[in-house]
Structures are given as C-alpha cells and as structure tokens.
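Data block below; observations after.
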Amino acid sequence: MQEKEYKPKQIEKKWQDRWNQEKVFLSKRDKNRQKYYILEMFPYPSGRIHMGHVRNYSIGDVVARYKRMQGFNVFHPMGWDAFGLPAENAAIKHNIPPKKWTDDNIAYMKKQFKMLGYSYDWEREIATHTPEYYKWNQYVFIKMYEKGLAYKRKAPVNWCPTCNTVLANEQVENGLCWRCETQVTQRELEQWFFKITDYAEDLLSGHDILKEGWPERVIVMQKNWIGRSTGLVVNFKVADTGEDFPIFTTRPDTIYGVTFMVIAPEHPFLERVKDSKVKEFIKRIKEQSLVDRLSEEKEKEGIDTGIKIINPFNGDIVPLYVGNFVLMEYGTGAIMAVPAHDTRDFAFAKKYGIPIKLVIDNPSSPIDVASMKDAYVEDGICVNSGPFTGMTNKKAIEAISDYAEKEGIGYKKVNYRLKDWLISRQRYWGCPIPIVYCETCGAQPVPYDNLPVVLPTDVDFHGDSRSPLTMMPEFYETKCPHCGGKAKRETDTMDTFVDSSWYFAKFTSPRSKEIFDFDEVNYWTPVDQYIGGIEHACMHLLYARFFTMVLNDLGILKYREPFTRLLTQGMVIKDGAKMSKSKGNIVDPDDIIDKYGADTVRLFMLFAAPPEKDLDWSDKGVEGCYRFVNRVWRIVQKYSDCYTEYNFDTVVLDPVLKNLRGEIHRTVKAVTHDIENRMQFNTAIARMMELVNALYQINEEIIRTDAGKMVVSELFDKLLPMLGPFVPHLAEELWEVLGHKNFILDEPWPDFKEELTAKDEIEVVFQINGKIRSKRNVPADITKEEMEKVALEDDRIKEMIAGKTVRKVIVVPGKLVNIVI
RNA sequence: GCCCAAGUGGUGGAACAGGUAGACACAAGGGACUUAAAAUCCCUUGGACUUUCAAGUCCGUGCCGGUUCAAGUCCGGCCUUGGGCACCA
C-alpha cells in the first residue's frame, strides 16, 4: 500500500476548519451533565504569542480535551487582558492609537491560537478594553465605593518615574518597578484604594479550602504576603505631657526589659521637635529613597529626641529615639525596644550606649548581661518582671496581655503586612474611574445609568507619557450628578489587575445586559482548574480572590473562592535563561509551527518536562517529538487495512499478541492515571511512545493474521483517542483514515480491563542481605510461599547461602525475595 | 536572617505507598536498507574492574551520619542552586 506522507500544515488546517464549521467547541449549559470549567490565565495582547503562552495553553488544552472525552460538559474560554502600558508606549513611539495597536495584536494572536488547534469557545471571547466589559469594572467600583471598600486618601505611594504612574505594593519588587525595573520613589498623593485589608482574615482562612487543590508554595507565598501577626498595643505615656504613646509588640513578655523607644521619622508626633540636630536627622532620612533606606540593610541609625517615655508596667522612664528602621505604615509607627531580647534593638543599644536589661533568663545556663554578645531570643524564664517573674515567657505573653487589657493600658491586636490595594494609575490606556468631582458636592460616583464612562480612543499623546485625558476638556468637563453644577471627571484609570480580577466569571456571559447572566455564571463558575504562572501568586491570584469575596458579599456570586484547583506551570527557558528579547534566546512559535506543525510543538511542550517545572527548550528534543508523530502516522497508515471489528471472546492469542494486548490495557491504565491523578503529561506521553515501540517490534506476518488484526485494531482504538488531547489534528486525521466519520474528540476516553493489565509472567529478583544476586521469571499468580521456595532453590542462591545460617526471609509479592544470612 | 522548593547518566527527565535506580526521549556509537546521502528500521550506551565471552564483582541518586531485611524515597546535620519574605517590632 502506498503510504501518504505526513504533511502537518495540510491536515492541521483541514481539521481546524472542520471544528470551526461544526462549532464543536461551543459550550452549552446542560443541567444533566457535570460541568468542568478549565481556564488558563488570559494573555496581554503584546503582539505575538511566545513559547510561555504555548506551554500554558497546551497544558490547558490537554485537560480540556481530556475532560471532554471523560464526559464532562467542558467550558474553555479565551480572551484578552487588553489594557496596559505597552499599548501606550507603542502609541507614543510609533504614533499608533492604543486601541488600534491592541486590536491588531488581538487579531494576530487569535490567528496563532487557532493555528495551534486549541479548543476554545470563541463565542465567549472577551477583551477588557471594550466598553461592554469595563462598564462592569466601573459598576463594581461604585458598589465597592458605596460599601466603603473603595476610598480615596492621601498617602505616601510608590511612584515609577519611567511609567509615570503610581504602583501597588505588590507591583514593587525589591524597590524596583515590576514592569520596567526602574527605582521606585515615594510620593505623597491622593489616590484611590480598595480595602483589601478588610479581607485579610478571609483571604487567610480561605487557604484551608484551597490547600486541596492549590500548590502549597502559592499558599505559603500569599500567607507571607498577608503577614498576620498577633500582639499587643500598649499605651506608654509621654513623661512631660501625659499623652498616650501607643506601640505594637508581639513580645509583651519582654515589656519589663524596655530601655528605650524608637519612632519612625515620618511620624506626626515629631512635629513638636525643636532641636535642630534632630530635625536635620529626620529631614535626611526622609529624603532617602526607599531603595537607599533598604539597601543599607544592617546600618541602623537613630538620634535621641530628648523626649522621655514612661513604661506603664514598671514606671521606668526611657528615652525616645528617631530611627530609620521603624516603619510609619506598620503597627503604630513607634516601637518599644528591648535590647536584651531582640537582635536589632541589641545592635542599636550597643551603638548608642543604651543600657540592656535582662528579663528572660536561659534556664539551663544563666545569662550575664555584661558579657552578652547578642540578644537572647530563645524561650526562658521571666526575671526582673514584677509579678510575672518566675513564669515561662510563653505563659507571660498571655498573662501580660490579659493584665494590660484588664488595667486599660493596652489591648490585643492583630496586624497585617498586607496594605490596601492602590488602584489609581496616572495613565491613559485603562478603565476610567467612574467618579466626578463637584466644586460643591465633592467626589460623586457616576450614576449606574450613566455607565460606562467611555474612554476616548482618538487621543493625542503630545509625544510623552502623560495621560491625554488630563488634556481633554471634552472628557473631563462634566456636570455633577448630584447638584448639576460644574464638575470634573477623575482622569486616573484603574490598575489593569482590576480588569483581570473577575474576568473568569464574565466569560460565562460576555454580552449580558446585567453584570452576568446569572443562569450562566451560576452554572459554570467557579473555575475547576486554573493554569498560569507562579509570578501571579501575590498579585492577580490574591486580587481575584479578594474580588470574588467582595462579589459574594454583594450577593452577585455564590462562592468565595474563584479557582478550585490551580496549576502553576514553569517557565520556558533556553540556554539556562528565561526566553527574552534582551537575552536574544527567543524561539518564535510561528517558526516552529511552520517547520513541524502545531501537533509537534504541543507534544514537545508537554513531553519535555512535568508542567510545574521549568522547561528547557531543545531544538533536538522537538525533532524527537516530530519523529514520534511520524512513527504514529506511518504505523497507522501501514496497518490501516488491518483495521477490523473484533471480539476476543472466542480467540486464543499467541503469547506475542497476548502480551501486546496486555500492553494496550496497561498503557491506557497508566496514561489515565498520569493525567487524572498527577497531571504528569510527560510520563503519559512516554507510555504511549512505549506502546508504539511495542507495535513496531512485532513482526508484520503476526499482525496480518486474523488475531493480529484484532489486536492492532484494538490498539488503534485505544491509542488514537488517547493521543487526541495531545496531538489533536493527527489523531483526527488518522481516525478518518481508519474509516471513522465522527470527530475523535467526541470519542469517550478509552477504558481498560484490569484483568488484562496483569502479566502472565513477572520477573522477580532474589536478594541476599539486600543485594540482588539472581533474577527469575515466575508466574504472576505465584504465592508468597512458592516464591520463597523458588528463591531458595535457585542455583546461585543455593551456592551463596551454602554453609550460612538463614536468619530471615522477606518476600514482597510480585517483586522480590530478600534472604538475610 | 526566616520560610518554601530542588539537587539522579554526556543532556531533558523516569522511579506513584521504603522494594530491580536511570522508563521515555535527546546526544553518541554500531548494523541493515541505498550506487551514495538523507530519511527509515534494528542493536549498544552510568562508571570501574574480572573475564573461561557465559557472565560476574564492586561503586554509584549533592555531602556526612542514622533508622530498616531493604533508602533516590524516611529521620538528623550540613553544602549548593532556585524562589518567596525581609529593618513587620
């Protein structure tokens, strides 16, 4: 028979067109079927897709297609995170309107997605830069404003001078802008915030639900980021005036050891300071950038203000220092310092000659203060601690806290590292914040009926990055919705992470008249499996959880966690580094698809590494996958004329065929397990390769017997559907070659017969003292006793145990016999 | 500094519940086919040693110890790499 050559371009186009014509990927609600919502993080339309996208979406597509074959009603949408800076930068540089740039990119990338054969329901497509989408951003914003969850306040904020905008805390990495790596500076600005701190506790407790389906490290990262700590606020007193001087501590057990206090340079309390040296110091520290203050890590600086503070527990009068290491934003902006039991306070006290007072002693070797080299931070017994002396310090934490509350000198408090989410951006290409400022009524939300506040698209950038909105009276000049008087629109736009915080739910009803079509959203969401990069652990994944909780509290969504299961895939790297333009190690998906076809690229992405690990790009590895695809192609073509009906009930297979049939069922079992329980696609593919290799090993004459034809037919019936999720076009084409008229993607996932997965004969090993000394094939159903007998009768074993005492014989059924002598 | 991962052949990676380390693939080498090459198909391939050529012995999963009949896998300590947090009181 004349074999056809494998031409991926032809067959891939052919099947993409057919899927499209038959609308096979459109999703419909069906109360009688279990839904499965699989979602990959939607991309920013940067221009063209990169290998990281290919990996992310190939993993998602395998899951989508696999679940579909398992009988689930699969929901698999795709869209565009379309607002953001690159569009503006392109506009400034090349004089292309951001909307056009974005739309063109979307069109191109969509074409690329289609070339890769992903099973998306494109009728659910959304793009966040469309008014029909961002209208609902504005809607939620106003809902949050009404609940006090969106508010404006003047605060020191992170400013990126390159991006010309403020940044949220989560978007500053080591003092650098997450996007352009410029040093972030501090500015005092009036900005819009979302009160995510109100949800700190919910975000933490939700982790208990998520630990089933989320990688532990993501949960740990979020926990660290939220940074919950429990402690006590203690009201110290200012000696001169008697005012309260509150501090926060997690170590109330050390309160009798306080020998000085430290306050943040930004603290308003310091306005009273007259001393010029102190004022100068404060000024100098305030002028340091965040980066500078962080970079001189170990160097703690301070100056005595001359102000005295009274410890309410023991009446000690201690000096108040200004210190560069105390943060205004955390706790109360001031701390009590216990040099004996805090390494940082110890270093500071040594530097400035402040006394050290021991209040917790080491029970096993008493501490001599004079010879202390560092703070004692271990547990111990309280000393010099008034009524608490003699207690273990652990007990004292509770006792002292209770005492403080009882005496009215303090209260227990939980503090978080998490800060409110700053969402204002001084940029153009984003969702307008739906607020107007009236000269008489102040800030007013835009009424719901007037939404959306449409972002004008015909804009002039005047060659720089300042938002054109600030120069467009036709945009910002408006009337107050309350009094009808003259008013000015907010010209800041929202952080694009707002757009992506709820998009997963909008996919269910992209063009609904309300925020959602509730039949749709209630049927499909939450997302059953979410897939994306780990870099979003403390940004997108935290914001989306927050939004879901808010929408739940607003009665809009019925659940509090948006993503039941999460898979964080690794990066695609080449020559040891992440693919990037600056490193010049980019491999363009278009080129690879052109050379080998989409099926090969997809296969390689799944085969080269398990999904969570980084994947090392290798041109040779891709060729290996191409070779496998061709091997499948050839062998199916070769034996397509053997494809027949089969019934094994009355057939006795010779050992070669029987073993091959066993191999078929073992492969189905293993592949199913690897996908279902482990999401380990690389080993699933390896198993299918083994099955194909096994078929190649068998003599053509044997296959062309009646029994052989039946086995090879069963093999194709199992193998091709399993290949479907990985190499969908190839699978469809070969399915058709075998005479099928239906889509292979609609075939049920292959099943296997457990009894056929067992081998007749298995190899067991005989060990002496744990070392392998002999091997033997034995019947698979051998008993423990028989195994032991066979082992002891083995010639080599006999030889080696001759004259020795057998102390113990361990038999592991089906595996080994270990003889201890 | 604290927290979390991960260290396995020349390479990417297997080994799922403590039970034959190195599946599958790449690279390398050999053979078949071919006038030849490519492609394809088949074989070999962790290291060292012994060798009567059938095999056998020893070593080997970052390092040092431990538990166990048996450890890549469990425990303790360390080293290295990657990631997160970091004057958080």
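Naming convention: chains lettered A, B, ... in sequence-line order (proteins, then strands); numbering from 1 in each chain.
Distance NZ (Lys771(A)) to C1' (A71(B)): 13 Å, rounded to an integer number of Å. Put simply, CE on Met605(A) is 13 Å from P on G13(B), counting in whole angstrom units. Between Ile534(A) atom CD1 and G84(B) atom P there is a gap of 9 Å when expressed in whole angstrom units. Taking atom CG of residue Leu695(A) and atom C1' of nucleotide C24(B), one finds them 17 Å apart after rounding to whole Å. Residue Ile797(A) contributes atom CD1, which lies 12 Å from atom P of G56(B) at whole-angstrom precision. Whole-Å rounding puts the Asn777(A) CG to U20(B) P distance at 16 Å. Here the P atom of nucleotide A21(B) and the NZ atom of Lys815(A) are 12 Å apart, to the nearest Å. Atom CD1 of Ile219(A) is separated from atom P of G84(B) by 18 Å (rounded to the nearest Å).
For the P atoms, the distance linking C64(B) with G9(B) amounts to 15 Å, nearest Å. Separation of the P atoms belonging to U73(B) and C16(B) is 12 Å when rounded to the nearest angstrom. Spacing between C59(B) and A32(B) at atom P, rounded to whole Å, works out to 40 Å. Of the P atoms belonging to A37(B) and G31(B), the separation is 11 Å, rounded to the nearest Å. Spacing of P atoms, C33(B) relative to C26(B), comes out at 24 Å, to the nearest Å.
At a threshold of 4.0 angstrom between heavy atoms, the contacts of Ser618(A) with the nucleic acid are absent. Note on Val820(A): only backbone sugar-phosphate atoms sit closer than 4.0 angstrom, heavy atoms only; bases stay farther off. Within the nucleic acid shown, Ile810(A) comes within 4.0 Å of at least one base atom, counting heavy atoms only. Contacts of Lys223(A) with the nucleic acid, taken as non-hydrogen atoms under 4.0 Å apart, are absent. Nucleic acid contact for Asn818(A): base, since at least one base atom lies under 4.0 Å from a heavy atom of the residue. Among the protein residues, Tyr696(A) comes within range of the sugar-phosphate backbone only, with heavy atoms under 4.0 Å from sugar or phosphate atoms but none that close to a base. Contact annotation for Asp345(A): no contact, since no heavy-atom pair falls under 4.0 Å across all strands. Within the 4.0 angstrom heavy-atom criterion, no nucleotide atom of any strand lies near Gly227(A).
The aromatic rings of His267(A) and Phe269(A) sit perpendicular, their planes meeting at an angle over 60°, well past the 30° parallel limit. Ring geometry for Phe348(A) against Tyr321(A) counts as perpendicular: the plane angle is over 60°, on a 0 to 90° scale with 30° as the lower cut. Classification of the Phe681(A)-Phe726(A) ring pair by plane angle, with boundaries at 30° and 60°, yields perpendicular.
The side chain of Arg773(A) contributes an N or O atom lying less than 4.0 Å from OP1 or OP2 of U57(B). Look at Arg796(A) and you'll find a side-chain N or O under 4.0 angstrom from OP1 or OP2 of U57(B). Dashed line: the shortest gap from a side-chain N or O of Asn693(A) to OP1 or OP2 of A23(B) is not under 4.0 Å. For C41(B), one of the phosphate oxygens OP1 or OP2 lies less than 4.0 angstrom from a side-chain nitrogen or oxygen of Arg634(A). Taking 4.0 angstrom as the limit, Gln222(A) places none of its side-chain polar atoms (N or O) nearer than this to OP1 or OP2 of C4(B). Taking 4.0 angstrom as the limit, Thr343(A) places none of its side-chain polar atoms (N or O) nearer than this to OP1 or OP2 of G1(B). Between Arg627(A) and C26(B) there is a side-chain polar atom (N or O) within less than 4.0 angstrom of OP1 or OP2. Between Arg678(A) and A15(B) there is a side-chain N or O to OP1 or OP2 distance below 4.0 Å. An OP1 or OP2 oxygen of A14(B) is reached within less than 4.0 angstrom by a side-chain nitrogen or oxygen of Gln680(A). OP1 or OP2 of C41(B) sits under 4.0 Å from a side-chain N or O of Arg631(A). One finds a side-chain N or O of Gln697(A) lying less than 4.0 angstrom from the OP1 or OP2 phosphate oxygen of C42(B).
With a 3.5 Å ceiling on both atom-pair distances, G22(B) lacks any Watson-Crick or G-U wobble partner. Under the Watson-Crick or G-U wobble criterion, with both distances below 3.5 Å, C2(B) is paired with G84(B). In this entry U50(B) has A55(B) as its Watson-Crick or G-U wobble partner, both defining distances falling under 3.5 Å. Using the Watson-Crick or G-U wobble rule with both distances under 3.5 Å, C16(B) pairs with nothing in any strand shown. Across the strands present, A38(B) finds no partner; the criterion is a Watson-Crick or G-U wobble pair with both atom distances under 3.5 angstrom. When Watson-Crick and G-U wobble pairs are counted only if both distances are under 3.5 Å, U44(B) pairs with A28(B). Across all strands shown, the partner of C63(B) is G77(B), judged by Watson-Crick or G-U wobble contacts whose two distances both fall under 3.5 Å.
Side-chain contact of Tyr66(A) with Glu676(A): a donor-acceptor pair under 3.5 Å is present, judged by distance alone. A donor and an acceptor atom, one from each side chain of Trp421(A) and Glu170(A), are nowhere located under 3.5 Å apart.
Judged by distance alone, with hydrogens and angles left aside, Asn224(A) brings no side-chain donor or acceptor close enough to the base of C85(B) to form a pair under 3.5 Å. Applying the 3.5 Å distance criterion, the base of C69(B) shares no donor-acceptor pair with the side chain of Lys808(A).
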Return a table of donor-acceptor pairs under 3.5 angstrom between the side chains of residues 665-672 of chain A and protein atoms on other chains or two or more places apart.
| from | atom 1 | to | atom 2 | distance (Å) |
| --- | --- | --- | --- | --- |
| His665(A) | ND1 | Lys753(A) | N | 2.9 |
| His665(A) | NE2 | Glu714(A) | OE2 | 2.9 |
| Arg666(A) | NH1 | Thr757(A) | O | 3.0 |
| Arg666(A) | NH2 | Asn659(A) | OD1 | 3.4 |
| Arg666(A) | NH2 | Glu663(A) | OE1 | 3.2 |
| Thr667(A) | OG1 | Glu663(A) | O | 2.6 |
| Lys669(A) | NZ | Glu754(A) | OE1 | 3.4 |
| Lys669(A) | NZ | Glu754(A) | OE2 | 2.8 |
| Thr672(A) | OG1 | Val668(A) | O | 2.6 |
| Thr672(A) | OG1 | Trp749(A) | NE1 | 2.9 |

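For the pair Glu623(A) and Lys419(A), both in contact range of RNA chain B, the more 5′-proximal nearest nucleotide belongs to Glu623(A). Between Ala609(A) and Asp674(A), the residue anchored closer to the 5' end of RNA chain B is Ala609(A), taking for each the nucleotide with the nearest heavy atom.
For Glu201(A) and Arg228(A), the salt-bridge test passes: some basic side-chain N is under 4.0 Å from an acidic carboxylate O. Salt-bridge formation is not detected for the pair Arg251(A)/Asp342(A): no Lys NZ or Arg NE/NH1/NH2 atom is positioned less than 4.0 Å from an Asp or Glu carboxylate oxygen.
Between the side chain of Asn311(A) and the backbone N or O of Phe236(A) there is no donor-acceptor pair closer than 3.5 Å.
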